[in-house]
Amino acid sequence: MDMFFTALAGLFTLKVFPLMVLGIIVGLLFGSVPGLTATMAVALILPMTYGMETVTGMSFLIALYVGGISGGLISAILLNIPGTPSSIATCFDGNPMTKKGEAGKALATGIFASLVGGMVGNLVLIFLAPPLSEFAIKFTPFDYCAIGCFAVTVLASLASGSFIKGIITGFLGMFASTFGMSPVDGVLRFTFGFESMTAGFSFLPVLLGVFALSDIFKEFADNTFRDRAVVKVSSLGKYTVDMKYMAKQWGNFLRSSLIGTFIGILPGIGGSTASILAYSEAKRASKYPEKFGTGIQDGLIASESANNGMVGGALVTLITLGIPGDTTTAILLGGLMIHSVQPGPLLMMTNPEIIYGIFAALFLSNILFFVIEYSGVRLFTKVLNIPKYLLFPVIIVMCVVGAYANNNVMFDVYTMLGFGFLGYVMTRFGFSLPCFVIGFILGPMVETNYQRAMMFGDGSLVPFVTRPVSAFFLVMAVLSIFFSLRREHRLARAAQAAKLNDACMLEKDV
Amino acid sequence: MNRDVLCYGTVLAGSVFFLFAAKDIAVTEASLASSAFFPRILLGALVALSATGLYKTVRAGAGGKGQKIHSPLLVMLGLCVGFIALLHLAGFVIATTAFIFTASLYMSADYSAKNIALMAGLGFTIAFGINYVFINILMFILP
């Protein structure tokens, strides 16, 4: 814990603290405006951290991440539109509370629940990451390769409506990472004679395209870019947290925060799943489940504790294995790599100051967001009124600047534009973008470890099944495929039976 | 056309194309450890999965209708391409001013003289501001 407190003290400098405050404010702004997300905020700001020290840059990005996730509740409660996808379940009870004239109470409860969830996630991160790193240090390339395969199958089975589409998206992401020079022996692949393709597609332009630009393209395709929300700040009502009620909800807080943290640990699942799962569990465990959805604080607590708890969980796998827990941690991974830091179990031994810096930054960000959002909520509600015609062109310019700053080549700008359009098309076809991006990140890890494993094992595949860790993860991967296909088969059969039933009823009526 | 048929068909056609392109990858190691193995196995899996998806969709007659692309998206795509092209010709400040002015004017759909002046001023201020912050404070090279 000494290292944690030393790292925490290191954040209270004139160089880092104001940046973290700025990060929280910008994150809250991005989180509260529908159409702008925490992931977009981190991706856009990432290029600005090039010149910063690693801990300073990471603290800034983590503050943005926490602010972005926490800001989503404002529009979810006031407009019934989640500011970020992770606030989707906040709409279920938050907006009915607004309709009952309890918007202030809903906002205060949501902010408080976010603080509790964030702190639980932070504690799990602090206590789980070091022993997990110690265990993971013994992993061989066989194990890493198997973990990568497991991550893709879990992602495909949980993150998408259709398993085939999910796994196709993950493989497409992995395939996109194979363009250019191969990671082990430097062989050129799919360059088609273009010199600029030698280095392949860089990480940041792909992320900016897929997460920032494709969202904007979607707004244009749906013709929603002229929609404008109008929120009156005076209509918030009483703005307080009922501490007596909160104390009675400790079980809901703990369960939802832990669900969020656990979902965060699973690669690529994201906050929307965490908040929906926590909401349905809170409803199941409640003495009055029929009141859920009518505007009660319990549902709001479940959703907000879970999505903020997810942040700590998502950082666990990033720090210990180098596998991002969600799309925003995927960008944080890029941020670490930009600073020549390779996340993984060795990082805890080689650069403990960075790891404890991240722990401390998450802790401080949770406190800062609570203070800033709680005291400035009336200001953040005004942000909802900013028209999109002022925001979107500036975001596109920032995307271009960010993509170019990566390597100072225009090819990265074209890559960003191309992947932006590809991301939009994929969304239209029902493909999951997080699956694609995590596949893109896991691709080089799986390939490099696979080739190393082949070298260590003299070209034999047998160690994959004889080594306990790799065998365990491969069995888990097969099981996740099996259960996903079985679930889909059952759903298809149920849908067919319902169709048949409807046809019979219609025939009877006739 | 059926959305899922189009989606799986595109993936299938693309995978077959790249599978042929993968023939050109130089093989320096034994086949299982070569740099050609990983993309080839991925493409093989993509061909198999998309063919399965296509077969299942056609057999079940499932999948939603293909969605029409609205003209605002095409306008925005055109503006983005024009902006990137103009960066080469006119430099960052002029290209960005022109882009922000045109895009925000189109999005606001208010073509009054007052709004045109406002958007032009806004475009220049933002372009100049970004240019100043990135070059003088963050020490970046801008396109």
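Just so we're on the same page: letters track the sequence lines, and every chain starts at 1. Reckoned from all heavy atoms, side chains included, excluding hydrogens, waters and symmetry mates.
To the nearest 0.5 angstrom, Glu447(A) atom CD is 12.0 Å from Ile41(B) atom CD1. In this structure, the separation between CZ on Phe38(B) and OG1 on Thr178(A) is 7.5 Å, given to the nearest 0.5 Å.
Taking the centre of each ring, Phe18(B) and Phe175(A) come in below the 6.0 Å mark.
With a 4.5 angstrom heavy-atom cutoff, Leu172(A) touches chain B via backbone and side-chain atoms both. Residue contact with chain B, scored on non-hydrogen atoms closer than 4.5 Å, is absent for Pro183(A). Heavy atoms of Met410(A) lying under 4.5 Å from chain B belong exclusively to its side chain. If you measure heavy-atom distances from Ile168(A) to chain B, the contacts under 4.5 Å come from both the backbone and the side chain. Only the side chain of Tyr404(A) comes within contact range of chain B, with at least one heavy atom under 4.5 Å from a heavy atom of that chain. Only the side chain of Met398(A) comes within contact range of chain B, judged by heavy atoms closer than 4.5 Å. With a 4.5 Å cut-off on non-hydrogen atoms, Leu79(B) does not touch chain A at all.
For the pair Arg189(A) (side chain) and Pro39(B) (backbone), a donor-acceptor distance under 3.5 Å is absent.
The candidate with the highest count of non-hydrogen atom pairs below 4.5 Å against chain A, out of Ser108(B), Ala103(B), Ala45(B), Ser50(B), is Ser108(B).
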